Protein chains: 2
Amino acid sequence: MPATPGRALRPTTKVMPGQARVYNRSLVLQSLYSDGPQSRADLARVTSLTPVTIGALVSELISEGLAVELGPRAGARVGKPATMVGFDPSAAHIVSIDLSRDVMFRGAVLDLAGTVLVTAEAPRDGRLGEGAAQVALDLARELVEKAGRPVLGIGVGSPGVVDPEGTVLSAPNLGWSGMPLARLLNESLGRPVHVANDANAAALAEHSFGGATRSGVLVLTVGLGVGAGILLDGALVRGDRFAAGEIGHLIIEDPGPPCACGRSGCLESMLSVPRLRARLAELPEIERQQAISKAGTSLGIALAPVISTLDLGEVVLNGPPDLLGGAFLDAAATAVRRRVLPVVGHALELRLSTLHENAVLLGSAVLVLSGELGVS
Amino acid sequence: MPATPGRALRPTTKVMPGQARVYNRSLVLQSLYSDGPQSRADLARVTSLTPVTIGALVSELISEGLAVELGPRAGARVGKPATMVGFDPSAAHIVSIDLSRDVMFRGAVLDLAGTVLVTAEAPRDGRLGEGAAQVALDLARELVEKAGRPVLGIGVGSPGVVDPEGTVLSAPNLGWSGMPLARLLNESLGRPVHVANDANAAALAEHSFGGATRSGVLVLTVGLGVGAGILLDGALVRGDRFAAGEIGHLIIEDPGPPCACGRSGCLESMLSVPRLRARLAELPEIERQQAISKAGTSLGIALAPVISTLDLGEVVLNGPPDLLGGAFLDAAATAVRRRVLPVVGHALELRLSTLHENAVLLGSAVLVLSGELGVS
DNA sequence: TTTTTTTAGTGAAGCGTCTTTATAAAACGG
DNA sequence: CCGTTTTATAAAGACGCTTCACTAAAAAAA
């Protein structure tokens, strides 16, 4: 017998025995959420639960306000007309906070369908540590007060390494090291709080709102820093030290340009928006396209092993389209396709995000939706 | 955050009250399997089920022969003496088949603890397609007959891309394309059959028998080809086209040595055992160490993005120790640590496998153990 | 028009599995 | 020798799903 004391019992199967009801409930809710209004009979077919069970679950959801009856189905069919049931996106609101920008924290109130209803900003004014946390807290409080419905929860996308309990283990930009952000917000605001890394949140947003449908998706966020989020079968990869996706300081050129991290040739030192813009500004017009292509190729070379190893189906870039679109994207795609197995390269979709700067806000909302309702 | 089900509903994981029982049963079995003999009260504590439930589950397991009572606990304590219950590795046998070697298919009979009891080989004699499948089938049949206990199932590690139903979608070496291997063996032998890619099987073996305990593990198998298996939280990454880990033909040098795949600079063209040995043979003694180091560095450069992106905790190399140990391993480790985030590089364990050529056989057995009993 | 078929939805009874509560057994400690 | 602690099982109850039986309403067929 493999004597491996202390190895945890399989945590992968999230479905616990007593949780069967909860699971089935979220199965129904998920179907209403992503497939739109359906009759109870439709739900029974798609979930392969019995009509009786569906009836009970739906009336529970209706009594909570999460679902509503929408009247008879349009278009005539044989048999008793079905009563359509739909998800009600206005049942509650979500407060979302994006801490990934340097000078301004951004926040929003969203409905359950991810529609942004209210936005707000709060200048950080260079504050670090507790001070920065206070800015985030005040912004969250302001938005909770502005929400016109019960607040389902508060989602936060933070730079740095975030553990599953919502403690920011390390975020140098904000002067945070072991900052218990989720606990802080929860104790002050009395609402469920979910915190994740900003790039990971952006990846969730692509899955739920950006049309990323493959089972293996990598989302690369390029801004002040460079970060990634990986979704396998819709679930975020967390990593051994919760640092999955922290590839900004992966070295891809040796030797390369120096980086703030103390080393050189980091992905961030070559691709981050300020660094890339600065480099381009130094060049004459005609050499810029080439420099952009070169950067794209570097990225492609770095991503190829990841795409190949995980057999990813989709790679999404989120950042300024004027930098990442066109030549950059083409060069990256070419570099990847030259390097990976043809069958993988052919099927791979490599594209820009359509969510732009809302990705982190939307992703933070997904944290709440999936944490509180089991929906995404 | 919560590992949420993907956008699509997954009717496969439908949870009925009856499934809860199965889950709890495997929870108990898993604990007995990996943590060793315990009393019913111990099991109740570790699984957080009630003593009553444990009592019922344990007597079910005992009646099936999977568990046995081992008498009172050694060493006196307060209270009624506990009766120890243990997993019985000899309750059944497993037939394992390794198709990864070129000239010989290897097979074995193992007990449930992974102890190899009988081995057998079957020469393929260059047969391809149906012929090769027939060799595998005959080998499996021979081993099923040699098993001294009921055969729990048949596990197969095959080169190429294998889908979850056990169909080998593509294995050029064996002339297979869409070969329904699991169905074939199941129909002929009447036992449950589980098929997986050979490198993926080797990764499972490292997890269950090789002491790989981190939540993120990559196992690189270097032999005639080069392949990988990635385990996240104990579960294999499958990939969008079931091709996860197929990194043999990832291009890491451009230009590089030509490869059988038609391109050049593939990982396999540089690292596969025959190619590496051939290259070394051409060199004078003094240059060999350097060539080995160079190969290790190339591997490290290719793996660094993967390790960084997934925040892996452990990388295991399986292959000839005379090639992969020493300079190769050191060079790979150095190359990786130079490139990834220091916090990731420090914690990373990069080592050789201790399972050697049994990895695929053991991993195929794990397929059966986890598929049939839910233990690993 | 009337009857049959098809689809939608709900109530009642039953079954499996977990939990709670109660009880018995066996060891230690004062 | 009697309370305390720990182990284990038995009996009763709760929960949630399924099956079976039924009503409801509309199209299709006779």
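Fair warning: this is a prediction, and the values are worked out from it, not measured in the lab. Residue numbers start from 1 in every chain, and the chains themselves are labelled A, B, ... in the order their sequence lines are given, proteins ahead of strands.
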> By side-chain contact (heavy atoms from CB on, under 4.5 Å), which residues pair with B:Arg214, not counting sequence neighbours?
Replying inline: A:Asp240, B:Val217, B:Glu314, B:Glu349
> For A:Ala67, which residues count as a side-chain contact (heavy atoms from CB on, under 4.5 Å) partner, sequence neighbours excluded?
Replying inline: A:Leu32, A:Leu61, A:Ile62, A:Val85
> Reading nucleotides 22-29 of chain D 5' to 3', which nucleotides get B (base under 4.0 Å from a protein heavy atom), which S (sugar-phosphate only), which -?
Replying inline: --BBBS--
> When you measure from the side chain of B:Ser34 to the backbone N and O of B:Gln30, does any donor-acceptor pair fall under 3.5 Å?
Replying inline: yes
> For A:Thr50 and D:dT19, is the shortest distance between a side-chain N/O and OP1 or OP2 below 4.0 Å?
Replying inline: no
> Is there a side-chain contact between B:Val156 and B:His194 (heavy atoms, below 4.5 Å)?
Replying inline: no
>> Test: ring pair (Phe, Tyr, Trp, His ring centres under 6.0 Å). Region: residues 71-97 of chain A. Which pairs qualify, not counting sequence neighbours?
In response: A:Tyr33-A:Phe87
> Where do A:Arg21 and A:Glu60 land on the salt bridge (charged side-chain N to carboxylate O under 4.0 Å, His left out) test, with the steps shown first?
Replying inline: CA-CA 11 Å; A:Arg21 178 81 177 196; A:Glu60 181 183 311; 3.1 Å; yes
> Tell me: CZ of B:Arg40 to P of D:dA10, nearest whole Å?
Replying inline: 11 Å
> Does any residue of residues 55-63 of chain A have a heavy atom under 4.0 Å from DNA chain D, and if so, which ones, in number order?
Replying inline: none
> Can you check salt bridge (charged side-chain N to carboxylate O under 4.0 Å, His left out) on B:Asp42 and B:Arg73, steps first, answer last?
Replying inline: CA-CA 11 Å; B:Asp42 293 333; B:Arg73 185 201 303 268; 3.1 Å; yes
>> What is the separation between atom CG on B:Leu27 and atom C1' on C:dT17, rounded to the nearest whole Å?
In response: 15 Å
> What integer distance in Å separates A:Met84:CE from C:dG9:C1'?
Replying inline: 15 Å
>> Walk me through whether B:Arg25 and B:Glu64 qualify under salt bridge (charged side-chain N to carboxylate O under 4.0 Å, His left out).
In response: CA-CA 12 Å; B:Arg25 199 189 104 114; B:Glu64 291 173 38; 2.7 Å; yes
>> Could you tell me how far apart A:Tyr23 (OH) and D:dG16 (C1') are, to the nearest whole angstrom?
In response: 16 Å
> Between C:dT10, D:dT9, D:dC17, which one does the side chain of A:Arg21 approach most closely?
Replying inline: D:dC17
>> Expressed as a whole number of angstroms, how long is the span from B:Arg73:CZ to C:dA27:P?
In response: 14 Å
Protein-nucleotides 11-15 of chain C N/O pairs under 3.5 Å:
none

